[in-house]
Amino acid sequence: MDGAVAGLVILIVLVVFAAILVAKSVALIPQAEAAVIERLGRYSRTVSGQLTLLVPFIDRIRARVDLRERVVSFPPRAVITQDNLTVSIDTVVYFRVNNPHDAVYQISNYIAAVEELTTTTLRNVVGGMTLEEALTSRDRINEQLRAVLDGATDRWGLRVQRVELKAIDPPPTIQDAMEKQMRADREKRAMILTAEGQRESAIKEAEGQKQAQILAAEGAKQAAILTAEAERQSRILRAQGERAAQYLQAQGQAKAIEKTFAAIKAGRPTPELLAYQYLQTLPKIAEGEASKVWIVPNDFGAALQGFTKLLGAPGEDGVFRFEPSPVEEDLPRPEDDSEEVADWFTTQTDPAIAQAVAKAEAEARTPVDTGLTTPPLTERSRQQELP
C-alpha cells in the first residue's frame, strides 16, 4: 500500500516537471513585438511574430519590446527664453524601436532617456529665442528637436518620427500684457481701417461730385449748342419763308398792276372821266388821321388842264378830248424764274440741317470721360485689412 502511494506521488512530480519543461521550452511571440533571448546570460537572438522553442533552464526571454510607433506625452517643463522670461512647454514625441537589441542593452530605460533628452534640447533651442519668436516658430522648434533627438537616439535603436509642442504657456503677467498689447493693436488697426474707410468715402464722394459737375457742364454745353443750332436753323427757315412770301407778294402785285393797266387800256377812258375820278379821290386823301387841314391849290384848274393835255388832243372845236394810245399786242412779259425759285416753296427738311441736328444729339449722348480713377490700395492698407 505504501509503495503504491509513493509511486503515485512520483508520477505526479514527473508530470508537473514535464509541464514545467514544456512551458519553459515554448514561447509565442506575437506580431509587432520582439523578444530578446539570452542563453546562459548572454545575448542569443531576437525573435518576432512566431512560435519559439527554448532550451529549458538555459534560454530565457530577457525583454519583450513593442515595435509599433509609440506616442509619449511629457509633462510641462520650465524653459527660460533669451529675453529672460520663464515659459512652460509640454511636448509630445512620436518614436518607434528599430533595433530591440540596442534598446535593451544600450540603455536601461529609453523612455526616461528620451524625456530628459527632449527637455535639455528644448531648453537649448528655446533659450536662443525671444518669447515672440518662440510663440511664432513652432515648426522650426519641432524640426530642430526631431533632428537632435533622432541623431542621439539612433545608438539606442530608436527612430524619432515627430516632435510636437503641445502648449507654450507664458507667465500670467506676461499673458495679461500680451492680451493688452493685442487689444491695443486690434484697436489701432480698427482705427486705421476706419480712417482709411472715411478717406476712401470722402475721395469717392468728391469724385462723384466732380463727375456730376463735369456731366452737368457738358450737358449745359450740349444744350447751348443745340439751342444755338435750333435758333440758327429757325432764323434760316424764317428768312427763307419770308423770302418766299415776299416773292409771292411781288408776283401778286405785278399781276394786279398788269391786270389794272390792261383794264384801263381796254376801257379807253375820256379826260372827263379821269377828271371826275381825280375829284373823287381828293376827299379820300383828306381822310388820313394826319391830315387835319386840306387846302385846294389855286392852280387846281391849271393842273386839270395840264392833265387833260397830257392824256388828250384838241379837236376841231378846240376842246381836248381823250386820245387812246395804240394797243400794243406784243408787250414784254416778266421773266419766268419759276424753276430758279422752285425750291423756295418746298416743305421738306434740309438734309444738311437734319445732319447737323443729328450730330449735335449724338454729341449730347456721348458719355464724358472724366479721367477719374480710383487710387489703388497700398500694401500697408491691404495688410491692415487682413484680420
Side-chain angles (χ1 to χ4, degrees), residues 1-77 89-125 141-166:
M1 186 72 180
D2 292 337
V5 172
L8 181 59
V9 171
I10 293 172
L11 179 60
I12 292 174
V13 171
L14 290 176
V15 171
V16 172
F17 182 73
I20 293 174
L21 287 179
V22 172
K24 290 287 187 177
S25 63
V26 178
L28 180 61
I29 309 301
Q31 187 178 359
E33 185 176 318
V36 178
I37 300 175
E38 292 180 347
R39 177 169 292 179
L40 299 177
R42 295 178 63 85
Y43 172 77
S44 175
R45 65 187 185 275
T46 301
V47 295
S48 175
Q50 63 183 6
L51 183 64
T52 304
L53 299 178
L54 304 174
V55 178
F57 306 106
I58 296 178
D59 294 339
R60 74 183 184 94
I61 297 177
R62 167 68 183 272
R64 291 175 178 266
V65 180
D66 192 350
L67 299 180
R68 294 174 298 178
E69 184 174 347
R70 302 182 61 181
V71 181
V72 181
S73 177
F74 300 130
R77 299 293 184 179
I89 303 177
D90 53 346
T91 58
V92 179
V93 179
Y94 299 80
F95 69 94
R96 62 184 302 173
V97 178
N98 290 335
N99 191 340
H101 175 271
D102 294 341
V104 173
Y105 293 103
Q106 297 296 332
I107 189 73
S108 61
N109 188 347
Y110 57 82
I111 294 181
V114 169
E115 179 181 0
E116 295 301 327
L117 182 61
T118 302
T119 302
T120 55
T121 305
L122 182 63
R123 287 175 178 173
N124 290 334
V125 173
I141 296 174
N142 294 338
E143 186 62 28
Q144 291 182 5
L145 286 176
R146 192 202 66 79
V148 174
L149 291 177
D150 190 33
T153 58
D154 183 61
R155 62 189 183 90
W156 299 341
L158 305 179
R159 172 69 176 175
V160 178
Q161 304 290 343
R162 294 176 60 190
V163 179
E164 297 290 341
L165 301 183
K166 290 178 62 177

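Sequential numbering from 1 along the given sequence is applied to the chain's residues. All values derive from a computational prediction rather than experimental measurement.
Not a single side chain to side chain donor-acceptor pair (under 3.5 Å) links Thr52 to another residue, sequence neighbours left out. Among residues two or more places apart in sequence or in another chain, the side chain to side chain donor-acceptor pair (under 3.5 Å) test is passed with Arg68 by Asp66. By the side chain to side chain donor-acceptor pair (under 3.5 Å) test, Arg39 pairs with Asp59, sequence neighbours left out.
Atoms CG and CZ, on Asp150 and Arg159 in that order, are 4.0 Å from each other to the nearest 0.5 Å. We find the CD1-OG1 distance between Ile141 and Thr121 to be 12.5 Å, quoted to the nearest 0.5 Å. From Leu40, atom CG reaches atom CZ of Arg60 across 10.5 Å, with rounding to the nearest 0.5 Å. The CZ atom of Arg162 lies 5.5 Å from the OH atom of Tyr94; values are rounded to the nearest 0.5 Å. Rounded to the nearest 0.5 angstrom, Asn142 CG and Glu164 CD are separated by 4.5 Å. Taking CD of Glu69 as the start and CZ of Phe95 as the end, the distance is 9.5 Å to the nearest 0.5 Å.
Applying the ring-ring contact (aromatic ring centres under 6.0 Å, His included) test to residues at least two apart or on different chains, the pairs with a partner in residues 103-122 are Tyr43-Tyr105, His101-Tyr105. Legend: salt bridge (Lys or Arg N to Asp or Glu O under 4.0 Å) pairs involving residues 99-118, not counting sequence neighbours, sorted by first then second residue: Arg77-Glu115. Pairs engaging residues 28-37 under the salt bridge (Lys or Arg N to Asp or Glu O under 4.0 Å) rule: Glu33-Arg64 [sequence neighbours left out].
A 4.5 Å side-chain heavy-atom check between Leu122 and Leu165 finds at least one atom pair inside the cut-off. Contact check for Arg70 versus Ile111: side-chain heavy atoms found under the 4.5 Å cut-off. The closest side-chain heavy-atom distance from Phe74 to Thr118 is below 4.5 Å. Side-chain contact between Val97 and Leu158: present, with at least one pair of heavy atoms (C-beta onward) separated by less than 4.5 Å.
The two atoms that bring Trp156 and Val114 nearest to each other are CZ3-N, 4.4 Å, heavy atoms only. Between Leu54 and Pro56, the closest heavy-atom pair is O-CD, 3.3 Å. Here the closest non-hydrogen pair linking Leu67 and Ser48 is CD1-OG, 3.9 Å. Taking both residues in full, the closest heavy atoms of Thr46 and Ala34 are given as CG2-CB, 4.1 Å, listed atom of the first, atom of the second, then distance.
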